[in-house]
Amino acid sequence: MFRRASTLLARPFLSARTRSFSTDLPAAGSNQDAFVSAWKKVIPNIDPPKTPLSFMAPRPATPSSIPSKLTVNLVLPYASELSAKEVDMVIIPATTGQMGVLPGHVPTIAELKPGVLSVHEGSEIKKYFVSSGFAFIHGNSYADIIAVEAVPIEQIDAAQVQKGLAEFTQKLNSASTDLEKAEAQIGVDVHSALNSALTG
């Protein structure tokens, strides 16, 4: 084995061949126009279906220099808490840990866990408790945070949190099926995070 090592190491590696990376390739063009023209040939009297991209406003291009502010959207299923708010930083409770996002952050998608979302604007810090969701950090210093539920910390009733934590802990201890255990564990996790948000 060692006798052959020098001949093996002397050979050029196959992987050393020049290969273009995905970032070196030109961006694929949209084939929306080709689809529309093909649609018009087949069904000329019916408008072509719209794709999700046709409903979305285009994002600004990635700036050449890092902007001084981060633009944040905090969206819930029933309301928009923050809409295009320019802030200095947000701290997101991701499943991988607390994630600070500043202007110029690398594009990222993060799953949210129950915890505190902090929005920093100058010396003012606004804190929300989020139950779950996703955060989409874009390369142009935009952050879209989609949460199932978000409540300002000051609107949370500490007595109700303690009561809920006790109820779900009791349910977890007395659960007999896997479904009951899972539901009770989710309740314990959320109420524990609520309690930590209020005490920390």
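Sequential numbering from 1 along the given sequence is applied to the chain's residues. Just the heavy atoms: all of them, side chains too, but no hydrogens, waters or symmetry mates, feed the values below.
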Engineer: Report yes if the side chains of P114 and F129 come closer than 4.5 Å at any heavy-atom pair, otherwise no.
Structural biologist: yes

Engineer: Is there a chain of hydrophobic side chains (I, L, V, M, F, W, Y, each step under 4.5 Å between heavy atoms) that links V90 to V116?
Structural biologist: no

Engineer: Before you tell me yes or no, could you show the steps for I125 and V119 under side-chain contact (heavy atoms from CB on, under 4.5 Å), namely the whole-Å CA-CA distance, both residues' side-chain angles and the distance that decides it to 0.1 Å?
Structural biologist: CA-CA 6 Å; I125 300 173; V119 180; over 6 Å; no

Engineer: Please report the closest heavy-atom contact between L198 and I156, naming both atoms and the distance.
Structural biologist: CD1-CG2, 3.8 Å

Engineer: For E149, does its backbone N or O pair with a side-chain atom of S131 as donor and acceptor, under 3.5 Å?
Structural biologist: yes

Engineer: Is there a side-chain contact between D47 and K40 in this structure, where contact means two heavy atoms from C-beta onward sitting under 4.5 Å apart?
Structural biologist: yes

Engineer: Just by distance, do the side chain of Q155 and the backbone of V151 share a donor-acceptor pair under 3.5 Å?
Structural biologist: no

Engineer: Among all residues two or more places apart in sequence or in another chain, which pass the side-chain hydrogen bond (donor to acceptor under 3.5 Å, both in side chains) test with Q162?
Structural biologist: N195

Engineer: Hey, what do you get for CG (L82) to CG (L117), rounding to the nearest 0.5 Å?
Structural biologist: 8.0 Å

Engineer: Between G100 and H105, what is the shortest heavy-atom contact and its length?
Structural biologist: O-CD2, 3.6 Å

Engineer: For the pair E86 and L70, evaluate side-chain contact (heavy atoms from CB on, under 4.5 Å) and give the outcome as yes or no after the intermediate values.
Structural biologist: CA-CA 5 Å; E86 291 192 344; L70 175 72; over 6 Å; no

Engineer: Under a 4.5 Å cut-off applied to non-hydrogen side-chain atoms, are Q170 and L172 in contact?
Structural biologist: no

Engineer: Nearest 0.5 Å, what's the CG-CD distance between L194 and Q160?
Structural biologist: 11.5 Å

Engineer: If you measure from the Lys or Arg side-chain nitrogens to the Asp or Glu carboxylate oxygens, is any gap between E121 and K85 under 4.0 Å?
Structural biologist: yes

Engineer: I want to check something: taking the side chain as every heavy atom from C-beta on, are I92 and Q98 in contact at a cut-off of under 4.5 Å?
Structural biologist: no

Engineer: Are the side chain of D144 and the backbone N or O of N73 linked by a donor-acceptor pair below 3.5 Å?
Structural biologist: no

Engineer: Would you call the rings of W39 and F35 parallel, tilted or perpendicular if under 30° counts as parallel and over 60° as perpendicular?
Structural biologist: tilted

Engineer: Atom CD1 in I146, atom CZ in F134: separation rounded to 0.5 Å?
Structural biologist: 9.5 Å

Engineer: Please name the pair of heavy atoms, one in S68 and one in P103, separated by the smallest distance, quoted to 0.1 Å.
Structural biologist: O-CG, 3.7 Å

Engineer: Taking all heavy atoms of L74 and all of A147, pick out the closest pair and write down the distance.
Structural biologist: CD1-CB, 4.4 Å

Engineer: Got L165 and E167 here, is their nearest side-chain heavy-atom distance under 4.5 Å?
Structural biologist: no

Engineer: In terms of heavy-atom contacts, does NZ of K163 have more than 12 from other residues, nucleotides or ligands at under 6.0 Å?
Structural biologist: no

Engineer: Is V72 reachable from V101 through a run of hydrophobic residues whose side-chain heavy atoms are each under 4.5 Å from the next?
Structural biologist: yes

Engineer: Within the structure provided, determine whether I137 and P107 are in side-chain contact (heavy-atom separation under 4.5 Å).
Structural biologist: no

Engineer: Under the side-chain contact (heavy atoms from CB on, under 4.5 Å) rule, what do V75 and I145 come out as? Steps first, then yes or no, please.
Structural biologist: CA-CA 6 Å; V75 182; I145 303 165; over 6 Å; no

Engineer: Quick one: does any side-chain atom of S141 pair with a main-chain N or O of G104 as donor and acceptor, under 3.5 Å?
Structural biologist: yes

Engineer: Please give me the minimum heavy-atom distance between S83 and S80, naming the atom from each residue.
Structural biologist: CB-OG, 3.8 Å

Engineer: Quick one: does NZ or CZ of K126 land under 6.0 Å from the six-membered ring centre of Y128, within 45 degrees of the ring axis?
Structural biologist: yes

Engineer: Please determine whether the number of non-hydrogen atoms from other residues, nucleotides or ligands lying under 6.0 Å from atom CD1 of I66 exceeds 12.
Structural biologist: no

Engineer: Closest approach of Y78 and A150, non-hydrogen atoms and distance?
Structural biologist: OH-O, 4.4 Å

Engineer: Sub-3.5 Å donor-acceptor pair from the side chain of T108 to the main-chain atoms of V106, do we have one?
Structural biologist: yes

Engineer: Roughly how far, to the nearest 0.5 Å, is the CG atom of D178 from the CD atom of E183?
Structural biologist: 11.5 Å

